[in-house]
Participant: 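Quick one: structure below, then a few questions.
Convention: sequence-line order gives letters A, B, ...; per-chain numbering from 1. These numbers come from the heavy atoms of this one structure, side chains and all, not from hydrogens, waters or symmetry mates.
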Amino acid sequence: MSQAAVEHAPEHYRSTSLPDPKLMMWIFLASDCMFFGTLIGTYLVYKNRSLEGPFPVDVLDIPITTVSSFVLLMSSFLMVLALHALRTDNIPRFRLWTFGVAFFGSVFLGFQVFEFSTFVKEGLTLQQNLFGTTFFTLTGTHGIHVTIGVLWMLSILITSYVRPMSSKDALYLEVAGLYWHFVDIVWIVIFTVIYLVEFV
Amino acid sequence: MAVGRQPARPVSEVKLLARPTWTRGLLSWLTTVDHKRLGILYILASFFFMGLASIEAFLIRLQLTRPGLSIVSPDVYNQLFTMHGVTMVFLAIMPLGIGFANYFMPLMIGARDLAFPRLNAFGFWVYFLGAILLYTSFFFGGAPDVGWFAYSPLTSLSNNPGTGTDYYMVGLFIGGIGTLVTGMNFIVTIINMRAPGMTLMRMPVFVWMILVTAFLIVFAFPPLTIALFQVIMDRSFGTLFYEPAGGGMAILWQHLFWIFGHPEVYIIVLPAFGAISEIIPTFSRKPLFGYPIVILSGIFIGFMGFAVWTHHMFTTGLGPVVNTAFALTTFVIGVPTGLKVFNWMATIWGGRVQFTTAMLFAISFLVTFTIGGITGIMLAMPPFDALVQDSYFVVAHFHYAMGGGALLSFLAATYYWFPKMTGKMLSETLGKWVFWLVAGGFYLIFFPQHFNGLAGMPRRIQTYPEGLGFEFWNVISTIGTFVMAVGILLLLYSVILAFARGEPAGNDPWDGRTLEWSISSPPPYYNFDEMPVVNDRDAFWAQKYPESVHAKPVEEEFEEHGIHIPGQSWYPVIMAGALFIGGYALIYNNWWLGILMFAVIVIGSYGWAFEGIGGHHIHPEEKEA
Amino acid sequence: MSHDHKGSSVGAYTFIALVLGVITYIEFAIIQYEVAWLNAAWTIITLVVLSVGKFILVVAFFMHLKDDEQTYTGFFSIGMVFALGTFIVLAFLFSIRSVSSVWARSERTPVEVQASSEHPEEAKPHHELHGIPEHLQASIESEGYSRPLAEIFDTARPKNQALSIAVPVARTTQSFTVSEAPPLFALAGQDGVPVEETPAIEVSAQTETAQGFDTELGGQVYSGNCAGCHQVNGQGIPGAFPPLAQNLPILYQADGGREYLVNVLLYGLQGPIEALGQSYNGIMPAWAQLGDDEIAAVLNHVLTSWDNVTLLDEFAPILVEEVATARSTNLSSAQVLELRNALDLP
Amino acid sequence: MVRWIFRVAALFGLSAALSSCVFQGSDGPQSVLHPAGPVAQEQIDLFLWTYYLSWIVVVAVGGVLIYSALRFRRRPGDDSIPPQVHGNTTLEIAWTAIPVLLVIAVAIPTVRTLWRTEAFAEPKEQDIVVNVTGHQWWWRFEYPELGIVTANELHVPVGRRVILNMTSADVLHSFWPMKLAGKRDLIPNQNNQLWFIADESGVYLGQCAELCLGAHAYMRFRVIAEEEADFEIWKGKFQDLQVQQVQADPLIEQGRLLFTQKGCATCHTIDGYAEDYSIGKPNFPDLTNFGLRLTVPAGWADNTPENLAAWLRDPQEIKPGNRMPTLWAESDPNREEEIDALVAYLLSLGRDDQQQAQASVQHLGVGGNHGSR
């Protein structure tokens, strides 16, 4: 029996053409649907059941949230551009757009921090009422997802300086991208269900 | 389906910790990523926790033997039945199924490991350490005492100021993460790593059931995880999710828990179905009757598992509309379950049935599960459920369905697969004794509980007054525990005996039908010398007796460039350890420790990501040399 | 890779992004500038349709599901279907539940039904007690459901002290208690931050020894007469019997508190009081049948037990003479309550 | 072959016989198999229907299983390979029909019974409405229309519908009067309804069926179904309550004073204890007319002077985990004397004389057997 240290990456036999990491990510996202489904479901169940204020209509700020939603949507747009750039081996563009994604994500997080601190100033804390409890938990969990995404993007960006990247590595950016877009679509749902519908 | 090749993983190594290369010794087990070793770890851990849960059950039964006993105080009693339930469901039977799947699913589909070996190791260590965390509660202020479904508001800080509930929430939260990643890993493995020719409809039923189970895990655990998280938030940060005084609704916890909880029943029992679907054909020397029907009904059961959750809540006043709807969906599940039983019986019909211990357990499973199913249908009738919900009738029912169903079939699986895992045969003579003691003891314990339930004995009471008609059957039930305990001890002895001087098993002691029997016992670490090529259902049978199944040769072509054995890694156990310690930080609200562990996890995930490919290549064609 | 160039072009991406932006603006506009011809139902439908549109655009084009392997779409759809199905059903269950519970609630408290629909903040469920004398209602109000939140979260949790299984690590000693843990989003001095700062309990090395009072007698009197309600550990029973531990030093140090304590024992106390943030409305019987020495001894006992003495700036034992003096005043329990209310308690 | 069929048949005959023995034997006071009201009757009838159906299934499945396992067992030396049958579509369709039919046969009566027993009951004039509140670990019963508040013992008139509006003051409880109706959970912030009718007079046992920690096992109750006249008498005791001034019997008078001195009054209400009496909490059991109670505490033991004294002496001994304080230190020299006085006082409440209560128990025809559980 001969054993050789691995010098080149081995190719495995696979019964489908679906890359493992990408398949994994999709399954994770399917699972994440249930995570956010539970959080949003809890929010809906407790909607209008807070015993004392501040109530959603007192604190939610539609114009600001619209801007932050737009920022997050555009980060998604930059994400596909980055992937496209990497696939076409346009590394400078890829770096630019990846940085853009991380930057826009950070801007979104900045909006969220601003929003949270405003709410706290207006008397809405985690412990104040059911709205505070469910709202902060839901948007906070989403914020943590965004944070992880930003860190992921920055990691990819830094990696691209440490070692050369090419279109062969597109899969890993694509997987990160899937995650990023998912965070985006969750926000689309949150924006509608929590923010907009409240003011109908 | 097209055959693809995985793109190369980028080779960029930032080595914080070198990939370990031990092949034996404790450290090799700690850092292993081999699915077989992890499977054995899962099975051993499951049996260990099952032993603990049995001791708890034993104390419960002793306490209930006679009215008015005080062998354990009410508080300790509450802890005992809570830990018994939690352990059996989360730490023993479910991981046992996962363990068998871990060991045999790759072998059955002709794979050399799971798709993500390190993630698999991570899954195990997280489960194991989560379980340990849960059990340390006994030493730090008392175990959880809120029942295995921990109904709010019993779990709120005002009603339960001790740390037991925190241990429950955090322990299951951590353990749940492990199960979740393992479920995802299983799906990718089954989709992507089947041997050439192993189409979906040629997969062994066990693999199919594991696939369904994995999907159930992936979709059912998130609601539980979030619900646990909400209670942790309530207890650590003073949120109001389940605080009635703040408007929180206790009933929401029940919904979220059972949205998870009912699929959990199938997460436990579907692998058991799968194992039975392998054992019965093997010992009948016939293929499984109605293969597509068994699989479809498994999928259907899994799907419907998400649509029946409020049948655990018929008495919570949901109203007749909801109760009707969920009673009907529950009845519907009876149909595919019945179909499965019929198909198993039809498999026996016309076969050459060999009464090995495994087969005896399998047959007893059929009977037991049928009884459990029938009482299940009874309990699905909301009016009757109102009469006996939370009584010993329910206790008897779910022990027949989950305890009898899953446990008996996993004992069958143990007898069936033990030779493959160890290369030694378990004594059949002792095995018959084990069977009659365990199955007999089981019936002695749990059948009378139906009667006690009908006599009006509620579950979870530490004692009961005399004269209510509970006395006789409680004594019988306790006697049963002794019988079953003897059986289990005998099994233990039998295992030791097998290691000491068991007969060598050979590759294929049962004349098996699936691929795991085509390789040596125990299997080599690389599983298959060369990638098996599958040309029929029951792949190994078709290789052995091609004329009996008119097997057609496979059309898929492939070439193999040597076998890559994934390298061991420190990171799974480090990350799991960080989660474990972080769990204590969460329980005691020690944020500095929490931040520290969080940092370890962040650094660990970078180390994990940039660890490099590791492992080594072997070339099977040179193996003989 | 085969699907490398399956994705759309940059132009297409830009177009999609533009559409997404426009949809977001439309959503914003619908809410911000009231559209006269859209009623509430149609607004919600429009919003849902628009956001579903955004969702599908992102999923189909940005996540490439439109051109990618169907397996991904399948898996993701299963997740979405399960999540949507489960939680729509869940929300539905709660909505029909609330219908029937409003119905049922009208049985108990007809007033609340209207309140719950109009002003959610007033829908706080409380026990309307039928057939209870009017004057009992007040004490009922202070109990159970109607306890204000702050009260519930700022007071020590009642712990079931009845059974003793070994509890070596109490939550309070090992770590933060919840009220001590800073709320995640609260700023100092705001709601949720514990108002009362419980003084740190430090086990003092020099335990106060008997200084001119009879410790043994005090202990006997206490266990014979007081421990039934105030408990051996001086913690009382939350909601029923006020604690003596940590509470007495506060009373003692208040101006006139010393005399008040003597009077409580001699003449009893009845009516609503607050102790350590929890309200009580009970009765303290008069203990005039005890001798002056017994009353003095038990007072000194409770003031020095359970680390109480460490909370006192200075402590002079209560004298038998003081009790004798107080005995001559002949107060009623109502007057004692007035005395208490007159105390300048923190 | 025939021999085996006989054996299998004998086996099932035996188990069926055994099982019916069990049914015969299960006539305990909490057995759901012998209901005392139409609601429980319908519920158990549904069970019995399914139970008989299930015997068909068990016999069929078990019979075929055992028969085929024995008939097709491998004989020694037989290494032949049986025909590798993969399935049979006709058969599959046929036996899909079997569970479908069975399920339909169960579903139809289920839905019918469900709507008859669980549909929301609108209170009519002759109905008795009771607000039930679950507490750790006792029950509060309020009759809003009658102005009665009591604990742990629910008096209802025979033949009239009793509608319970239920909620909980702390954790979940479940009200389970098994002879009269199935259980319903008591949930904070939620009002649940349960209704039943008692067909005959008698004392019916019940118990909390949802884990509520501590003294959960001891959280029992009684439903006392009385003829209309007796119910009126009971009602009258509450509605025409006399304020009890100083009692003639010195022992009872001592107990009356001790009731406040020992702090009992801080938690427990006794209506008519004194003028302008304004203490006692709704979160603790109401002791008005305590002498009429059959049991102490919360349906655990007969309300005899001995049991009551034992309960007062050491509540944790009788009902571990409960919240009643121990009022006397072990060494207290006055303990027994004061307990006697309190017992005398409490048992005098609502009773015209000592014998009357006993008589009323006898009159209900429950004797010590059921009452003592």
Participant: Strictly distance-based, threshold 3.5 Å: is any side-chain N or O of A/His181 a donor or acceptor partner for the main-chain N or O of C/Val58?
Facilitator: no

Participant: Among C/Asn39, C/Leu47, C/Ile16, single out the residue with the greatest number of heavy-atom pairs under 4.5 Å to chain A.
Facilitator: C/Leu47

Participant: Out of A/Ile40, A/Leu29, A/Val197, A/Val45, return the one with the most heavy atom pairs under 4.5 angstrom to chain C.
Facilitator: A/Val45

Participant: Under 4.5 Å between any side-chain heavy atoms of A/Phe111 and A/Glu115, yes or no?
Facilitator: no

Participant: Side chain, backbone, both or neither: which part of A/Val193 has an atom under 4.5 Å from a heavy atom of chain C?
Facilitator: neither

Participant: Can you tell which part of C/Thr71 gets under 4.5 Å to a heavy atom of chain A, answering side chain, backbone, both or neither?
Facilitator: side chain

Participant: For C/Leu65, is it the side chain, the backbone, both, or neither that has a heavy atom closer than 4.5 Å to a heavy atom of chain A?
Facilitator: side chain

Participant: Against chain C, label A/Thr38 side chain, backbone, both or neither, depending on which of its atoms sit under 4.5 Å from a heavy atom there.
Facilitator: both

Participant: By a 4.5 Å heavy-atom criterion (distance strictly below it), what part of A/Met74 contacts chain C: side chain, backbone, both, or neither?
Facilitator: side chain

Participant: At a 4.5 Å cut-off on heavy atoms, which part of C/Glu27 comes close to chain A: side chain, backbone, both, or neither?
Facilitator: both

Participant: Please classify the contact between A/Ser31 and chain C as side chain, backbone, both or neither, with a heavy-atom cut-off of under 4.5 Å.
Facilitator: neither

Participant: Strictly under 6.0 Å, is that where the ring centroids of A/Trp26 and C/Phe75 end up?
Facilitator: no

Participant: Is it the side chain or the backbone of A/Phe182 that comes within 4.5 Å of chain C heavy atoms, both, or neither?
Facilitator: both

Participant: Using the six-membered ring wherever Trp is involved, compare the ring planes of C/Tyr13 and C/Phe62 and label them parallel, tilted or perpendicular (cut-offs 30° and 60°).
Facilitator: perpendicular

Participant: Non-hydrogen atoms of chain C under 4.5 Å away: do they reach the side chain of A/Leu83, the backbone, both or neither?
Facilitator: side chain

Participant: Got a sec: does the CZ of A/Phe199 have more than 12 other heavy atoms crowding it under 6.0 Å?
Facilitator: yes

Participant: Can you check whether C/Ala83's main-chain N or O pairs, donor with acceptor, with C/Thr86's side chain at less than 3.5 Å?
Facilitator: no

Participant: Identify which part of C/Ser77 has an atom lying under 4.5 Å from any heavy atom of chain A, answering side chain, backbone, both or neither.
Facilitator: neither

Participant: Once ring-ring contact (aromatic ring centres under 6.0 Å, His included) is applied, do any residues pair with A/Phe36, and if so which ones, sequence neighbours excluded?
Facilitator: A/His145

Participant: Taking the six-membered ring for Trp, are C/Phe28 and C/Tyr33 parallel (under 30°), tilted (30 to 60°) or perpendicular (over 60°)?
Facilitator: perpendicular

Participant: Is A/Leu23 close to chain C through its backbone or its side chain, or both, or neither, when contacts mean heavy atoms under 4.5 Å?
Facilitator: both

Participant: Check each atom of C/Leu20 against the heavy atoms of chain A and say whether the ones under 4.5 Å are side chain, backbone, both or neither.
Facilitator: both

Participant: Is the ring centre of A/Phe131 less than 6.0 Å from the ring centre of A/Tyr46?
Facilitator: no

